[in-house]
Amino acid sequence: IQALLATSLFDVTLSTGKALPASLWKKAATQISEIIDTLVSDAMLRLSEDDEVDENWDVKEIEADKDEKSKREGDDEKKETKVVYVNGNLFSFVKRLSSQFLQSLSDLNEHDAAYVTRLADETSLVKIIAKCGDYYQSIKKEDFLVKVKLLQLSHTYYIPQEKYDVFKPQKEDSKGYLMKSKPLFSEETSEVYNLCMYLYHAEGPRTKTTALLSHVYFYSIHNRFMEARNLLLMSHLQDVIHNADIHSRILYNRTLAQLGLCAFRNGYYGASLDCLSELYTYPNRIKELLAQGVTSTRYHERNLEKEKLERMREYPYHMHMNLDMLEAVNLISAMFAEVPNLAKHGKRKVISRSFRKQYDHHKKQAFTGPPESTRHLIMSASDSLACGDWEACYKNICQLRMWSLMPHADDVKENLKKQVQQSSLQVYLLVYGPQYCSIDMKQLCTMFDMSEKDVHKVASRMMLRTELLGAWDQPSGCIIMHNEELSRLQQTALGYADKVAQYVEMNERLLDLRSSYYKNQDLRSKDQKGHDRGTRTYNKPKAYSRRGQMSRTSRY
């Protein structure tokens, strides 16, 4: 009766295609919880949800089996009690309860108070899923237990918990911001950690992929960048993700975006650029890549069927990432790499194409008004950084709207200020260094508000990379510049070397594409013919060839 009541509640809105109302959803949740309690209390009662019983089972067949077993065992032995099966599937009930909850969230206005009220019901949903998992574990049904664990993970991996956050600034006598020194899998386990460790031992690549990406996502939102990065790189998932299904690829994009934000918060700006530049290769499709809506197209025809599929894959609003923050983090990380690169190489070498395109457009404008949007603020900050004015650059960055949404904003700003000062010093030495015969370290410390230790570190690194032609004079504390102008032949040779490096990189990319193409062709032929095309002469038995025999004997 309880199973029939639960089914009837779900069938109320079946014909309309709308989500179940909140009142009926709560009744269905209560009904499913009672079903689980009944199954746990009576071990001889089960639902016919797998192959233990045929779909067309009957009570008479069960009684007949009892009689046959009792005859075989003898009259002296006691009759064994038979498990009674009731028609129904517990996992389908829980799965449908979860899908109805997510559909109801998508139907509500995300800025309304009703959305927050409805979101509070997720706690009871997670408890029911956990209770269902405990039941399947007690009766040792591994297949359904894996599905339930995966469903529970999808409702818990994105929730930040303060006790697992490891973002802590160092003391004043040290530099930078470091995380706690913990191994890849720390001793402090969480619910997400336990779920992922169980799913790693399950069968099926999709299950393991989802568990791994959820684990990396969980580490990223808690500022465990090193652990998240190592876990993702050890899996080599980035090499095979293009062969995965669409939902796994969307989760991979979201994990990569969250990992880039985590790297930015911890001060790893190069790693942040590496993570986000892949997503911003096509900046107009960032919403579709993260399953956060559909980008409105003005000059292209709309594909209604494709938009409908994108809407169906869209995540609920409380799981969305702020796109303005993502764009700001990507542009700031690219600014720290591109502005010194422009001062050193000019326009020959490109690191971030999206940043370079917007920066070139900004420089071509005849008149630029006061910056207001995120892009204009970062482009103005880039102009200040290119001139070595770190104060104006930092002021423009602090005016961004993302700081009200970023966790640990004050500590991140302080870390960002140090990076702006170091990048400004680097650009200043690259642009104006050849104009000096010697540069006083104290003067640089005053100009960029840095300690002598930091100035010495930046200048020495540039000397080792041959970016700064000079040497330290320790008694006077100055940098003695070696101003040697390149001859025309040397400039031409450097340009020729850059062109050769570009051609080598292009050839390597083409070679990788060709090798992967032929590798896939070999795998396909191996599946079709049963052996590898490249080694077929060794796998096949050699046949007699009269022509070959004649050619051998003719030599003698």
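Start at 1 with the first residue, then count along the sequence.
- At a threshold of 4.5 Å between non-hydrogen side-chain atoms, the residues Ile378 and Leu400 count as touching.
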Exercise. Can you check salt bridge (Lys or Arg N to Asp or Glu O under 4.0 Å) on Lys417 and Glu414, steps first, answer last?
Worked result: CA-CA 5 Å; Lys417 180 180 179 181; Glu414 191 65 26; 5.0 Å; no
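- Counting non-hydrogen atoms of other residues, nucleotides and ligands closer than 6.0 Å to CD of Gln365 gives a total above 12.
- Between the side chain of Arg254 and the backbone N or O of Met319, at least one donor-acceptor pair lies under 3.5 Å.
- Within the structure, ring-ring contact (aromatic ring centres under 6.0 Å, His included) contacts touching residues 457-479 (residues at least two apart or in different chains) are His456-Trp472.
- Nearest heavy atoms, Ala337 versus Ile351: O-CD1, 3.6 Å.
- Side chains of Val329 and Met402 form a contact here, defined as non-hydrogen atoms less than 4.5 Å apart.
- Ring centroids of Tyr158 and Tyr217 are separated by 6.0 Å or more, keeping the two rings apart.
- Side-chain polar atoms of Asn396 and His376 form no donor-acceptor pair below 3.5 angstrom.
- Checked by atom type, the side-chain pair His155/Glu122 shows a donor-acceptor distance below 3.5 Å.
- Remark: Arg118 engages Asp121 in a salt bridge, criterion side-chain N to carboxylate O under 4.0 Å.
- For the pair Leu323 and Tyr280, the tightest heavy-atom approach, listed with the atom from each and the gap, is O-OH, 3.8 Å.
- Salt-bridge formation is detected for the pair Lys363/Asp383: a Lys NZ or Arg NE/NH1/NH2 atom is positioned less than 4.0 Å from an Asp or Glu carboxylate oxygen.
- Heavy atoms from other residues, nucleotides or ligands lying under 6.0 Å from NE2 of His201 number 12 at most.
- Under the 3.5 Å distance criterion, the side-chain polar atoms of Gln399 are left unmatched by any main-chain donor or acceptor of Leu377.
- Between Leu256 and Leu232 there is a side-chain heavy-atom pair separated by less than 4.5 Å.
- Side-chain contact between Leu105 and Gln103 is absent, with no heavy-atom pair separated by less than 4.5 Å.
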For this session: With ring-ring contact (aromatic ring centres under 6.0 Å, His included) as the test, would you mind laying out the steps for Tyr115 and His111 before giving the verdict?
Result: CA-CA 7 Å; Tyr115 188 91; His111 303 291; 9.0 Å; no
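- A 6.0 Å sphere centred on OH of Tyr198 holds more than 12 heavy atoms belonging to other residues, nucleotides or ligands.
- Counting heavy atoms of neighbouring residues, nucleotides and ligands inside a 6.0 Å radius, atom CD of Gln474 exceeds 12 of them.
- The pair Arg509-Glu505 counts as a salt bridge, with a side-chain nitrogen and a carboxylate oxygen less than 4.0 angstrom apart.
- The two residues Glu310 and Val294 make their nearest non-hydrogen contact at CB-CG2, 3.6 Å.
- Nearest heavy-atom pair, Ile479 versus Met463, reported as atom, atom and distance to 0.1 Å: CG2-CE, 3.6 Å.
- Checking side-chain atoms of Ser272 against main-chain N and O of Tyr268 turns up no donor-acceptor pair under 3.5 Å.
- Not one N or O on the side chain of Ser248 forms a donor-acceptor pair closer than 3.5 Å with the backbone of Ala244.
- Listed here is the closest heavy atom pair of His215 and Cys196: CB-SG, 3.7 Å.
- A donor-acceptor pair under 3.5 Å links the side-chain atoms of Gln292 to the main chain of Met321, judged by distance alone.
- A heavy-atom distance below 4.5 Å is found between the side chains of Trp403 and Ile397.
- The side-chain heavy atoms of Leu290 and Leu326, taken from C-beta on, include a pair separated by under 4.5 Å.
- Remark: Lys413 NZ is packed, more than 12 non-hydrogen atoms of other residues, nucleotides or ligands lying under 6.0 Å away.
- Counting only distance, with no hydrogens or angles, the side chain of Arg356 and the backbone of Lys349 share a donor-acceptor pair below 3.5 Å.
- Aromatic ring centres of Tyr317 and His320 lie closer together than 6.0 Å.
- With hydrogens and angles ignored, the 3.5 Å screen pairs a side-chain donor or acceptor of Asn253 with a backbone N or O of Arg249.
- Within the 3.5 Å criterion, the main-chain N or O of Leu385 finds no donor-acceptor partner in the side chain of Asp389.
- Gln419 and Ser423 share a side-chain donor-acceptor pair at under 3.5 Å.
- Side-chain polar atoms of Gln238 and Glu278 form no donor-acceptor pair below 3.5 angstrom.
- Checked against the 6.0 Å centroid criterion, the rings of Phe336 and Tyr269 qualify as a close aromatic pair.
- The side-chain heavy atoms of Ser214 and Val192, taken from C-beta on, include no pair separated by under 4.5 Å.
- For Phe448 and Tyr428, the ring centers are positioned less than 6.0 Å apart.
- Asn507 contributes a side-chain N or O that, together with a main-chain N or O of Tyr503, makes up a donor-acceptor pair within less than 3.5 Å.
- In this structure, CZ in Phe264 is found 9.5 Å from CE in Met325, a value given to the nearest 0.5 Å.
- Using a 4.5 Å heavy-atom threshold, the side chains of Leu416 and Ile332 count as touching.
- Side chain to side chain, Asp324 and Thr374 meet the donor-acceptor criterion of an N or O pair below 3.5 Å.
- A donor-acceptor pair under 3.5 Å links the side-chain atoms of Asn266 to the main chain of Cys262, judged by distance alone.
- The aromatic rings of Phe355 and Tyr359 lie parallel to each other, with less than 30° between the two planes, well short of the 60° mark.
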